[in-house]
Amino acid sequence: METLSENRCFGGTQGVYKHLSTATKTDMTFAVFMPEEAAHGPVPVLWFLSGLTCTHENAMVKAGAQIWAAEHGIALVFPDTSPRGEGVPNDDAFDLGQGAGFYIDATQAPWDEHFKMWTYVAEELPALVSKNFAIDMDRQSITGHSMGGHGALTMAMALKGRFRSVSAFAPICNPTQSDWGRKQFAAYWGDEANWGPHDATLLMQGGGFDGPVLIDTGTDDQFGDLLGTAAFASAFAQSRQEGQIRLQKGYDHSYFFISTFMEDHVGFHAEALYS
């Protein structure tokens, strides 16, 4: 693991790191915020999965999470959203290819060689982080935005017992029934029969999450019709899932929206991580 930068931040350290991934067969960059308490022993961790077109840097710089993570003594991990670099396939559209990994493992050419983001985020990166940082891997929570909200919800429900809480900002939560999702899933997996349970609404219908859930979506979200919020809310209610889905009046899909409610989300996770 190579250290690209480390900066003092709210009493802790905000770092950016690079390593060669066996899952994606590329160099991968990620960011970690370690609070001051980590100097005295392992601390709980909150994973933040970013959305389409983003890298590790967007949420690290724009979300405003560090101040609240420092207040609660929580580490933050910001993975990248896809493999990158020479030889990695791409597409002219912003919602496919580099920057659009959808946190799944592709099986169709040309994506199948490098686009293994489920394995990377669920297995490889946690092992690397656990080895190199003072993080208590028995106390993990996860959050994300848009495509990253999709990843956070699906990982929380599929990886039973790993995360104590899950939240999301404007998540894509019914991709198998929207233009977003059907396009990417067809590209990455081929025939619909191969798509698997990477749909938060279907996973909620199949048993939900064994902990609290918090979702915020803006009423003026410019991608509202593509998110599948109504279908997920119906499954949420039918499953009697613990948690809240909040529609925030006048907010859109931007990081201005995310930063406005970040304090709520970090506090929500802190309650679960320290319970």
Side-chain angles (χ1 to χ4, degrees), residues 5-17 30-51 54 56-79 121-122 125-126 128-145 148-149 151-153 155-157 159 161-171 209-217 241-246 248 251 255-275:
S5 65
E6 287 185 333
N7 300 94
R8 191 74 168 157
C9 181
F10 295 108
T13 302
Q14 176 62 66
V16 179
Y17 310 92
F30 65 98
V32 178
F33 169 75
M34 295 299 292
E36 190 172 13
E37 289 83 351
H40 308 291
V43 296
V45 61
L46 175 61
W47 296 80
F48 189 105
L49 306 186
S50 290
C54 293
H56 69 281
E57 188 176 37
N58 296 76
M60 179 185 76
V61 173
K62 297 179 180 179
Q66 291 92 339
I67 186 172
W68 310 118
E71 182 175 293
H72 292 287
I74 296 172
L76 300 169
V77 180
F78 305 96
V121 174
L125 188 56
L128 183 70
V129 166
S130 176
K131 181 179 178 180
N132 288 279
F133 299 91
I135 288 176
D136 181 358
M137 300 300 282
D138 289 328
R139 292 187 291 165
Q140 300 185 65
S141 291
I142 191 167
T143 187
H145 171 228
L153 291 170
M155 286 189 176
M157 285 186 274
L159 302 174
R162 177 176 298 192
F163 301 106
R164 295 196 179 186
S165 53
V166 59
S167 74
F169 300 88
F209 177 60
D210 53 355
V213 178
L214 174 62
I215 292 176
D216 279 316
T217 297
Q241 172 66 49
E242 175 190 3
Q244 289 183 289
I245 299 175
R246 309 189 303 190
Q248 302 291 358
Y251 285 90
Y255 269 91
F256 297 110
F257 155 64
I258 296 170
S259 61
T260 299
F261 298 101
M262 182 55 71
E263 179 182 5
D264 287 359
H265 283 243
V266 176
F268 163 77
H269 291 296
E271 183 174 350
L273 290 167
Y274 282 103
S275 63

Heavy-atom closest pair, residues Ser275 and Arg164 = O-NH1, 3.5 Å

Would you mind reporting whether Leu273 and His72 have side-chain heavy atoms less than 4.5 Å apart?
-> no

Does atom CD of Glu271 have more than 12 heavy-atom neighbours from other groups under 6.0 Å away?
-> no

Could you grab the distance from atom CG of Asn7 to atom CD of Gln14, nearest 0.5 Å is fine?
-> 8.0 Å

Heavy-atom nearest pair, Val77 first then Leu125, reads CG1-CD2, 4.3 Å

Answer whether the closest heavy-atom distance between the side chains of Pro35 and Leu76 falls below 4.5 Å.
-> no

Is the distance between the ring centroids of Phe48 and Phe33 less than 6.0 Å?
-> no

Under a 4.5 Å cut-off applied to non-hydrogen side-chain atoms, are Phe30 and Val129 in contact?
-> yes

Above 12 or not: heavy atoms from other molecules or residues under 6.0 Å from OH of Tyr274?
-> yes

Rounded to the nearest 0.5 Å, how far apart are CZ of Arg162 and CG of Asp138?
-> 11.5 Å

Considering all heavy atoms of both residues, which atom of Leu46 and which atom of Ile142 are nearest to each other, and what is their separation?
-> CD1-N, 3.7 Å

Taking the side chain as C-beta and beyond, is there a heavy-atom pair between Arg246 and Leu214 under 4.5 Å?
-> yes

Within-4.5 Å side-chain heavy-atom neighbours: Pro126 and Trp47 = yes

Asn58 side, atom CG; Ile258 side, atom CD1 - distance, nearest 0.5 Å | 9.0 Å

Minimum heavy-atom distance between His269 and Ser141, given as atom pair plus value | ND1-CB, 3.4 Å

Between CD on residue Gln244 and OG on residue Ser167, distance to nearest 0.5 Å | 11.5 Å

Search all heavy atoms of Leu159 against all heavy atoms of Ala122 and return the closest pair with its distance.
-> CD1-CB, 3.9 Å

State the CE-CZ distance between Met34 and Phe133, to the nearest 0.5 angstrom.
-> 7.0 Å

For Ala156 against Phe163, the heavy-atom pair lying closest together = CA-CD1, 3.8 Å

Go through the steps for Cys54 and Phe78 under the test side chain to side chain contact (heavy atoms under 4.5 Å, CB included), then give the verdict.
-> CA-CA 11 Å; Cys54 293; Phe78 305 96; over 6 Å; no

Quick one: does Pro79's side chain get under 4.5 Å of Leu49's, heavy atoms only?
-> yes

Look at the rings of Tyr251 and Phe257 and say which category their plane angle falls in: under 30° parallel, 30 to 60° tilted, over 60° perpendicular.
-> tilted

Side chain to side chain, Tyr17 and Glu6, heavy atoms closer than 4.5 Å = yes

Can you find a side-chain donor-acceptor pair between His265 and Asp216 that sits under 3.5 Å?
-> yes

Is the CD atom of Glu37 crowded by more than 12 outside heavy atoms at less than 6.0 Å?
-> yes

Expected output: side-chain Gln241 to main-chain Phe209 donor-acceptor under 3.5 Å | yes

Rounded distance [0.5 Å steps], CE in Met60 versus CD in Gln66 | 7.5 Å

Check whether any side-chain heavy atom of Ile215 lies under 4.5 Å from a side-chain heavy atom of Leu153, and answer yes or no.
-> yes

